[in-house]
Amino acid sequence: MPQEPKFFKNSTTVAIHGLVQNLRAEGQRIYSLSAGEPMVDTAHFYKTAVDEAIEAGHTFYPPAAGIPELRRASSEWMNREFQTDYQPKHALVTGGGKFAIYLTLLSLLKTGDEVLIPSPHYLSYPQMIELVGAKPIPVPASSEKGWRLTPEDLEPFCTSKTRLLVLNSGTNPTGLVYSKEEIEAFLDFAERHDLWVLSDEVYSGLVYDDFSYFSCATPPRTRDRVAVIQSASKTFGMTGWRLGFLFGSEALIQSCEALQSQILTSTSIVSQWAGLSAFQQAEKITPMIKKTMQERRDIFYNALEKGLGVSLSRPASAFYAFLPLSLFGSSGLSDVEWCQKILKEAHVATVPGSPFGRADYVRMSFGEKPEELLEAVDVLCKWVKKN
Ligand code: PLP
């Protein structure tokens, strides 16, 4: 036999999501607090756009960088939202935000380069960085400081090999949103150390209460060293359409376009036309999803606080609760064991904290519909009391 296929670690969230779907397909009642998606009904806009695109004969290979209409609409959206001056040549349409991240890492990193990642972090960053032969350097933040880091915290982790800083304001899993001043300080730090910044802004549309979103792309001086990741998944509720975006310098976009042309050819054309309709309706769709998610956050937290008899601080963005296992009296179990136990015994699906950088935490999503959230929290709290 030739050499075995290589071993790769599965994305924990994708694996759990798959497991939930399989268990449901077997007829089991599973309460899902694991979904990384806003469960909202917006698909009628997209269905019309797809029907029209197919009717017009748009079913063949689109250009590698995306259909011109979508490159234009997405860059104009960035300009409106974040006062940038992107043109279509600064936008690349990709098969999901995740793929935009991977293309950027492939383009910017060489073997042995080091990448700073504020932690807790989105679980795929370290794996993707390792896949391109570079080294992830997580920089730990503490919950006592609201998970916030400053450039001073990054400084001791910066070496002559550091080449890129990952920022994810609107953080998965903590919901942290950095202010304008904080982002500017990180950009100054990147400039001082001559680093690229990969700014994952996929939750920029889902920011709650009095928080406002400041994009790393806004300050003109550092714009060319910033690669902005955006996605239709969360902003437009289009997770299954696999539609993401990269915004950056013309050189970066050309490099990633060439890579994409070799690896993927281009992004599904029907998803692109649906995405175009989403940008045209962005002022309706995103506020609707944001309002829905903020309501679900409060429904989820009110129920959990009541059920456990505690008071918790709420995330400023995204749709995740990142909670210490100690809150659930986990009695010596690891995060993975606890998540397995509650899935097996109470049929509640949650995600362990270790892939996000904190093995003493668990991530729960409040992206599901209110009835589902309320039932899930009820079952969870009863199970916790029994254990
Ligand atoms: N970045 C972050 C922080 C995320 O949470 C996600 C999805 O959960 C992604 C990127 C990828 O999004 P997608 O590939 O669906 O566009």
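What you see below is based on every heavy atom in this structure, not just the backbone, and it leaves out hydrogens, waters and symmetry mates. Every number for a ligand or one of its atoms is a count from 1 in the order of the listing. Positions are given from 1, in the same order as the sequence printed here.
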Under 3.5 Å, N or O to N or O, is G97 touching ligand 1 that way? yes
Counting heavy atoms only, which of Y122, F319, Y125 comes nearest to atom 6 (C) of ligand 1? Y122
Residue-ligand contact F99/ligand 1, heavy atom below 4.0 Å: no
What is the nearest protein non-hydrogen atom to atom 3 (C) of ligand 1, stated with its residue, atom name and distance? D200 OD2, 3.4 Å
Only residue of W147, F186, F214 satisfying ring-ring contact (aromatic ring centres under 6.0 Å, His included) with Y178 is F186
Atoms of ligand 1, numbered as shown, that sit under 4.0 Å from any heavy atom of S231: 13 (P), 16 (O)
Within a reach of under 6.0 Å around CZ of R72, are more than 12 heavy atoms found that belong to other residues, nucleotides or ligands? no
Taking 4.0 Å as the limit for heavy-atom contacts, which would you say applies to N168 with ligand 1: side chain only, backbone only, both, or neither? side chain
Does atom CZ of F211 have more than 12 heavy-atom neighbours from other groups under 6.0 Å away? no
Below 4.0 angstrom from a heavy atom of G96, which ligand 1 atoms are there? Numbered from 1 as shown, please. 14 (O), 16 (O)
Distance-only donor-acceptor check, side chains E345 and W383, under 3.5 Å: yes
Identify which one of F322, F356, F328, W338 satisfies the ring-ring contact (aromatic ring centres under 6.0 Å, His included) criterion when paired with Y361. F322
Taking distance alone, with N or O pairs closer than 3.5 Å, would you say S233 contacts ligand 1? yes
Tested for side-chain hydrogen bond (donor to acceptor under 3.5 Å, both in side chains) against Q230, the lone hit among S215, S204, S74 is S204
Tell me the protein heavy atom at minimum distance from atom 7 (C) of ligand 1, and give that distance in Å. K234 NZ, 3.0 Å
Count the heavy atoms of every other residue, nucleotide or ligand shown that sit under 6.0 Å from CD of E55, and state whether that count exceeds 12. no
Can you tell me if R242 contacts ligand 1 (heavy atom of the residue under 4.0 Å from the ligand)? yes
I need the atoms of ligand 1 closer than 4.0 Å to a non-hydrogen atom of Y203, numbered in the order shown. 3 (C), 4 (C), 5 (O), 8 (O)
N-O pairing of D51 and K47 below 4.0 Å: yes
